[in-house]
Each structure stands twice: as structure tokens, then as C-alpha cells.
Amino acid sequence: MSGRRKPYPFDQLEPKWQAIWEERQLFHAPNPGEKGFDPAKPKFYILDMFPYPSGAGLHVGHPEGYTATDIVARYRRMRGFNVLHPMGWDAFGLPAEQYAVKSGQHPAVTTRENVAKFKSQLKRIGFSYDWQREINTTDPRYYKWTQWIFLQIYNSWFNPETKRAEPISTYRGTDPDSVRLAYVADVPVNWCPELGTVLANEEVVDGKSEVGGFPVVRRPMRQWMLRITAYAERLIDELEGLDWPEGIKLLQRNWIGKSEGAEIDFKIDNDKKVRVFTTRPDTLYGGTFLVLAPEHSLVDLIVTEEQWPAVREYRERTARKSDLERAELSKEKTGVFTGAYAINPATEQKIPIWIADYVLLGYGTGAIGGVPAHDERDLEFARKFDLPIVEVVQPLGDEQALGFVGEGIAINSPIIDGLTSVEAKKKITAWLEERGQGKRAVNYKLRDWLFSRQRYWGEPFPIVWQDGKHRSLSETELPVIPPPLEDYKPSGTGEPPLARAKEWVGYSEKAVRETNTMPQWAGSCWYYLRFCDPHNDKRFVGEEAERYWMGGDKPGGVNLYVGGTEHAVLHLLYARFWHKVLFDLGYVSKPEPFQRLVNQGIILGEDNQKMSKSRGNIVNPDDVIDQHGADAFRCYEMFMGPFEQMKPWSTRGVEGVARFLARVWRLLMSENQAGKWELSGKIKNADPNKAQQKVLHATIKKVTEDIESFSFNTAISQMMIFVNAFTNVEMIPVVAIRTFLILLNPFAPHIASELWEKLNAKFSDVRGDITKQPWPGYDEQLLTEDEVEIVIQINGKLRDRMKMPILATHEESRPSAKSLSSRESWSISSYEQDVERIQGIRRKRQRC
RNA sequence: GCCGAUGUGGCGAAAUGGUAGACGCAACGGACUUAAAAUCCGUUGGGCCGUAAAAGGCCCGUGCCGGUUCGAGUCCGGCCAUCGGCACCA
């Protein structure tokens, strides 16, 4: 032990209480029907985004959210809820595998070590997780059910009539494989040569892999896809009933990117036509050319003899470009004329058909009608290639029509002239529909989810191939466990490492196993369900347990979900999608997984920079706990500032909070001659005086409300005010200090438990552990002042103060003549108004 | 470019339209101590007037400009800066 004396013995009492909690399993939440389950209590499910157990261990960012949920969990328990508060490990993923590639060690070994480290670090902070429910996505007993859920998805289709997933057996078409929610397709994928795998759109940032930052290129490959686009509409609409930050909802809506408009057919000749998607059918008369994506299948059919060489050359050039290049070199528009023409159905004019890489094959129909006067990109293109420009929208203001992309009045458009853009859209769409040349259409930016990876360390697909066709394994064959390998390295050719295990791949004489694995997101798409019933080996989650913990009168099952904004689109969208499929199939009771979502802000280094190894500004929780204890660490994490805001770490700040806890300690404990801590003689079985009563009840109120609203920093401030008020008093009433310890307990449970125990040894008025105590209520009456000070403002300036009884009458609360006349130069705009104002302020004071 | 968040002392931050800066850090002064640490008490936005010293008083101040209001950190309009997301999505 260090020679320096601790301000209070946290180094002894913290391990002591952690051992007691573990021994008595105080935070275990029994399921309905199990021993100790109390059906009279309402449930509350509080969840953290579970971590990837990296080799580096915990940093101070992790426990920020975990501390907040722990405070809420402890608070809810004291309020009489059955609280489900679990923790687990999202352990499939690249780092463990890359380490395996280097060392030859099986990733399961590294994972086990890292989990042990994370777990011991979390335990040191004193979190009240129900460790009996710990899960690990790489455990075969867990991923057996991940594979099982995949089978449900594979064996379902989205019925557009009912807008729900249904078993594939209800599909009446000829080719069920074409409608499954999990399907195989040759798609242009994000291929990352360095990582040797394909990546989802969401995993590619600025043309580079999100993990590692390696270049990513487009390349067509045969891949497993999940039909998330079928749920686009519901994923937008059903955000409505969730208590999520508006910003996160918006992020999801934008990612899904719904646009309404029309599909319009442009005739080329008697047997060919081009279909385009537009959100502005009202600008059809301004369409002076068409542009197809270079990869568009129609291109082969329409290119004229003399244009072939140019088209071929352009297509090859585009195909070679990586996403990064396509994005970066986009400053200048490029394109090639196909030599073909189409008829604009409105003007009946012949317009040229071009190809250009600013038109994407994957969105809409892969073709657009160029309306240069009212679209920036089309305008740039038309100017570069000297194509005609026709203005068809008149802005309402004094802007010029050319280049105007907003809504206005239709002009030069015989059928819809004079109509507003909104009306014009409706009318021209109806007109096209009548003539069979177009129809209303909705498009989404969201693409289907590329679900396969060419990696070792992930869930194998429960699929085999026979005669070139895929089929699912039966449930009884789960889990499909990956074979051990000598070499985990990706092949680089796109063939997954699992393909090397020849024996394993040969499923039967005729059938071979699928060798792709699932992406890391798979395990985290449903872990919150497994927590409800983690040891069930008959079902992915027991029906009763699911109904209880995921139930309630709101659409989302988890009451509170806390984690970082970095998962705003990926994890949260994928999990919602899986949950909806399971809901449609009748496996879960609510349509949404997470009711209330709160995002924690990032913690920066002391230098106000993002924490990183290279900057050397990383703070290790272990060091902080060694020096100041877990309670101080927890409280500082919460005291730093508003929970959702980004904020820098401060070593001095931790010291301040540690001092506060030491003051709490010394409020109850004093040192005797032998240097031993003993309960202070100042604590007496007596009634608090009026002022003490007031600060106590103000503290109960503030702490209670602030926990509910995630304003933990101001809750701690109020507790500091309480302690300051009781420092240096002659006598401390035991009831007041008991109540205070209950309030402190969620924030600093070790010290609160210890002091509570010390009080119990001397005073016999209350029994039992602090965690079993009910949360105190407060009495508004005790908070009101008898007398309030009111400031007199004249023309907005502070001019005088006056004291008056809180129950003063209207007459009595008039500013006194003295305060108004003491300076002649003050003018009073409205005397009566001032009286009203004073009344108003007084009412407010009274209320708080 | 579009969307969103944020902007308050030396620092982290508080403030249902009603005394801006609670609480904490740092700094300074005092008590205790042989001394230091720890602890406790006090001062602390800026400028000016006042006084022997006090007491006291005035003006300015929440990124910038304007507006609404008796009264604006808070509401409205316009700008600037920082951070985050999206980015040829027709």
C-alpha cells in the first residue's frame, strides 16, 4: 500500500461491499416463476450497449454510460421495480481475428482473456449487473440462436399485401428464392483487398474501410443479402412512438432516405423504353436529355455503331474507379452520348440518351431524365456537353428561374401551366398514368443489407449448397460450429477461410457447406432478447420471460437503452429490422426493441482532444480507482457535465469529487486517539430543525428529478450543497443523514453502504441493507419559504429589493413607495404590471 | 453544399422569460501546524465612483447584429465559429 494516507478507507470498503453483493447475489433479477420473483412489482429493463472486449481494456468512455445506467438501475430497485440490468460481450470481430492471423492463436483464446479483463475492470467499479445473465456472442450456446434467427429470416418473405413478414410457405409464386428475406445475389460489393472481405455500405467511410481505413473497391460478387428495404416504410413510421433523441430519429430517417415522386417511361422505339425515377414530375417539360448509369443493362441494346468505342471505354474507366475516386473526382461531370434518342412523353420531342457515372445503378431505376434548368447536377452536365436548357418552373420570389430547384409555378408546360409545383406533380402524374406512361413511385436510399463476410471469426451460415442451389439446415443441426484452422488469414481471392477446411465443407456426398460468415452486427441484433432468458436451451428466449421483460404499454420493450451515437444508424437500424421480422412471425411481443434511447457524450482527453494512444492522453479507470476509489470515479464521470455532451477529462475535477466523498465520510465518522475511524458523536436521534428539513427535502426533490432526466451533474451539486450545510453543525439528526445516504447510494454505493452499516450498528430505528431501502419522498410544504425576497426591476434594471411574506396579498405585494421613489429619475412604465410581475415571481418561488 | 448540435468567468459548468455565474476546479487571504500536507473559514466576471479603511453606489457583461417584451443566456430573424452526420440518392 502506498504510504500516503487515504482520506477515507475506500481501498478496504469497496472490495468488501463488492464481495458482499456478489455473495448475496443482491442484483440478480429472477424471471417469472423462479424463486424470489415478486409479481407485484413492475418491471424495468435497463440496458447498456454491450462492449467489444478489446485487448486494450476499458477506457473512461465505457463507464460513462455504464455508470448512468447503474445509477438508474439502483434507483429503480429502490423505487420498487424488478430491474433487469445485464451485461455481455459482443466478441466476434476483426481485432481478435487479426491477432489470430499474426499469432496463430485461436481467436476464442484471446476473446476469453479479454473478456476476463473487461469483467474484472467492470466489477471494480461496483456496477450492479446481474452477472448470472452474462452472455457472449461467440459462445455456441448463444450463436446457435443467432443462426436459428437467420433461418427464420431465410424461411420468410415480406408480403406486400399485409406489409409483414410471413413464412415462405404462404408464398404462392413460382420462385420462393426470389422473395426470401435472406437471399443470394450477384451484386457490386465493397471489396476491401487489405481485409480480404466485402463490407456493408455502412462500414465504408469515404471510400475506405471503417476498420483500418483501407481502400475499398467496387466488384461484383455472389453474396448473402437481407431484404431490409422491405421494411423501409415501417422503419421510418414506427420511429414515431419511440422516446429517442430527435436527432437520432432524423439520422435514421435520412439514412433510409424516402423520396416520393413518379416513374416515367420514355419511349425509344417500338419495343424499347427507358424508365426513370423523378421526384419532380412537374418539370417533365424541361427534360431535354436522359442519362443512364454506365452499368445500366439497356445500354447494350441502344448504343449505335459509331458510339460503341467511346461507350465501352467510358464504362471500363468507371468500373475501375473505387468509390473514393468516384466521390473525389466528381467535381467535373463526365459522360458519353450513346447515339440513341428517346421521346419525352410531354413534349413529344426526341431527346438524346447519355451515360454518366453521376447516375447510380442502385438507386431508383438507374436512369434519370435530365432537367438542366431545375437541377444543379443536370445543369452542370448540360453546360459541359452543350445540351439544351428549358425553364419550366417560375420561382415565387424574385430569384431567376434558371437553376432554381425549389417549388414554384409551372411555365412552358401546356398541361400544367400556372399550377403550383405540388398541384402540377399530381396532375402530370395522373395524366401519365392515364396514358400508361408513368405512375406514382416511392424510392429509398436504403439498400438491402449485405450480410456475408469472408472471415473466420463470425457465425457460419446454417446453409448448404447442392446442385447449385442453397437450402437451410434443420434446427436440430444447430449450432454450426466453425472448424479449427491452421491459418485464419483471408485468402485474398474472395474465397472465405472456412473453405480451407475441406472435411468440414463436405456436408454430404452431394452437398457442401456455405463458407461465408455473418457480420459482427448479427450477434448484437438480438442480444437484448437473450438477456431475458440467457440459459434457455429450448428456445432463443422463453415466451414468458420475453413477455415479461419486453412487455409494457409502449411499442418498445427495453425501457432504457444507453450508448454512443456511433451506433445511431448501423446497430440500431439492424436490430430494429430483426426485431420486426421476429415480431411479424409472432416470436416477440412488441414491434420495437428499445423504447427510450439516451446517447452519452464522448469524453475527451485533458488536452481537449479525442483520447488516443498516439496523443498519449488516455485515462485508465484502474489508475483513477487506485488513487481515489470507485465511488469517486463514478461520481466524477457523472459530475463532469451534461451526460449527452462531449466533455474533457480533468484530473483536478476527480480530486474535487473525491474530496466531496471524504467530507461525507467525515460528516459521520471521526478519528479517535488511536487513529481509528468511529461513528461521530454528533449524530443524534433527534428531529431536524427547519432549515435542515428544508435542505434535506430540496435535495430529495432535486436528486429524484435529476436522475429521471439524466442530469446527474446537478444531482451531485445538490448533494454537495447538503453536505456543506451539515458541515460544522453541532448535531446531525440521524434521520436526515440516513435519507441522504439513500440518495447518495446510486451514485456512490460503496461508501453509502458502509456508512449505512455503521449507523445500523448504533441506531436501531432502521434495519437491513441500504439497497433494500425504499426511495424517500419529499414534502413540498417544507420547501416553501415563509418570506421571499423580491427584486424591483424598473425598465429591466434592478432597482430595489423587498422582502414580503410568501402569502402576501395583491395589495401587500405592491412595491413600496420608498423603493419606487428613492430615485426620481426612474420611470415606471406600468405600475400595475409590476404588481402582476411580482405576484408571478412569488408564485414561482412558492412552487419550488 | 445539405441536415443537426453547441457557443456563458482563468477552467468544467448552473439558471420553468424574472437578482447571470448555483456546485466544483484553479487562484488568493486567514485559522490550525515548528513546518508542510490534509482540514476548516473567507474572497474571487470586468470597469468606475466612494471611503482613512469599510459600508455603499453606478456602468458594462452569456459568439456577433437586429427584433419581440416592463424584463431575453432563455423567444423570433439574420450572420460567424466549432463539432458531428450525410454527400452526385434524381
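Side-chain atoms are counted along with the backbone in the values below, which use heavy atoms only and exclude waters and symmetry mates. To find a chain, count down the sequence lines: A is the first, B the second, and so on, and within it residues start at 1.
- At the heavy-atom level, A/T565 lies nowhere under 4.0 Å from the strands shown.
- Pair check for B/G56 finds B/C49; Watson-Crick or G-U wobble, both atom distances under 3.5 Å.
- Across the protein-nucleic acid pair, A/N599 atom CG and B/G85 atom C1' stand 13 Å apart, rounded to whole Å.
- Contact annotation: A/R659 reaches the phosphate of B/A26 (side-chain N/O to OP1 or OP2, under 4.0 Å).
- Here the closest heavy-atom approach between residue A/L597 and residue A/M49 is recorded as CD1-CE, 4.2 Å.
- Across all strands, A/T279 comes closer than 4.0 Å only to sugar-phosphate atoms, never to a base (heavy-atom distances).
- Heavy-atom neighbours of A/K273 NZ from other residues, nucleotides or ligands within 6.0 Å: at or below the threshold of 12.
- Straight-line distance from the CE atom of A/M640 to the P atom of B/G12: 11 Å, rounded to whole Å.
- Counted within 6.0 Å of CD on A/E376, heavy atoms from surrounding residues, nucleotides or ligands total 12 or fewer; the atom is thus considered open.
- In this structure the side chain of A/M719 reaches within 4.5 angstrom of the side chain of A/F660, judged on heavy atoms.
- Of the candidate nucleotides B/C23, B/G85, B/C86, B/C23 has the atom nearest to the side chain of A/M720.
- Annotated as anti: B/G84, whose glycosidic dihedral deviates from 0 by more than 90°.
- Shown here is A/K384, whose NZ atom has more than 12 heavy atoms of other residues, nucleotides or ligands within 6.0 Å.
- Pairing for B/C32 is absent, with no Watson-Crick or G-U wobble pair whose two atom distances lie under 3.5 Å.
- When each of B/G12, B/C23, B/A90 is scored by its nearest atom to the side-chain atoms of A/F277, the top-ranked nucleotide is B/A90.
- Using a 4.0 Å heavy-atom cutoff across all strands shown, A/N724 reaches sugar-phosphate atoms only and no base atom.
- At whole-Å resolution of the value, CG in A/L661 and P in B/U39 are 13 Å apart.
- Here A/N713 does not reach the OP1 or OP2 of B/C23: none of its side-chain N or O atoms lies under 4.0 Å away.
- What you find for A/I751 and A/D631 is that their closest heavy atoms are N-OD2, 2.8 Å.
- Pair assignment for B/G17: none, as no Watson-Crick or G-U wobble contacts are both less than 3.5 Å.
- The residue among A/T727 and A/N254 whose nearest nucleotide of RNA chain B lies closer to the 5′ end is A/N254.
- The CG atom of A/L361 sits 16 Å away from the P atom of B/A90 (whole-angstrom rounding).
- Comparing the same atom, C1', in B/G73 and in B/G30 gives a spacing of 36 Å after rounding to whole Å.
- Using a 4.5 Å heavy-atom cutoff, the side chains of A/Q252 and A/L573 are in contact.
- Contact annotation: A/Q645 side-chain N/O to B/A13 OP1/OP2 distance is under 4.0 Å.
- Rounded to a whole Å, the NZ atom of A/K647 is 14 Å from the P atom of B/G7.
- Rounding to whole angstrom units, CG of residue A/L250 and C1' of B/G85 are separated by 10 Å.
- Residue A/R666 has a polar side-chain atom (N or O) positioned under 4.0 Å from OP1 or OP2 of B/C40.
- Taking a pair to require two hydrogen-bonding distances under 3.5 Å in either a Watson-Crick or a G-U wobble arrangement, B/A22 remains unpaired.
- Residue contacts shown for A/F660 are absent, as no nucleic acid heavy atom lies under 4.0 Å away.
- Nucleic acid contact class of A/G656 (heavy atoms, under 4.0 Å, all strands): sugar-phosphate only.
- Closest to the side chain of A/P648, from the set B/A22, B/A90, B/G12, is B/G12.
- Distance from the side chain of A/P642 is smallest to B/A14 among B/A14, B/C88, B/A90.
- Side chain of A/K445, nearest nucleotide from B/C86, B/G85, B/A26: B/C86.
- Remark: B/A90 base-pairs with no nucleotide in the shown strands. Criterion, Watson-Crick or G-U wobble with two distances under 3.5 Å.
- The partner of B/U43 is B/A27, judged by Watson-Crick or G-U wobble contacts that both fall below 3.5 Å.
- Across all strands, A/M719 comes closer than 4.0 Å to no nucleic acid atom at all (heavy-atom distances).
- Residue A/R253 places no side-chain N or O under 4.0 Å from the OP1 or OP2 atom of B/C3.
- Here B/A5 sits opposite B/U82 as a Watson-Crick or G-U wobble pair (both hydrogen-bonding atom distances under 3.5 Å).
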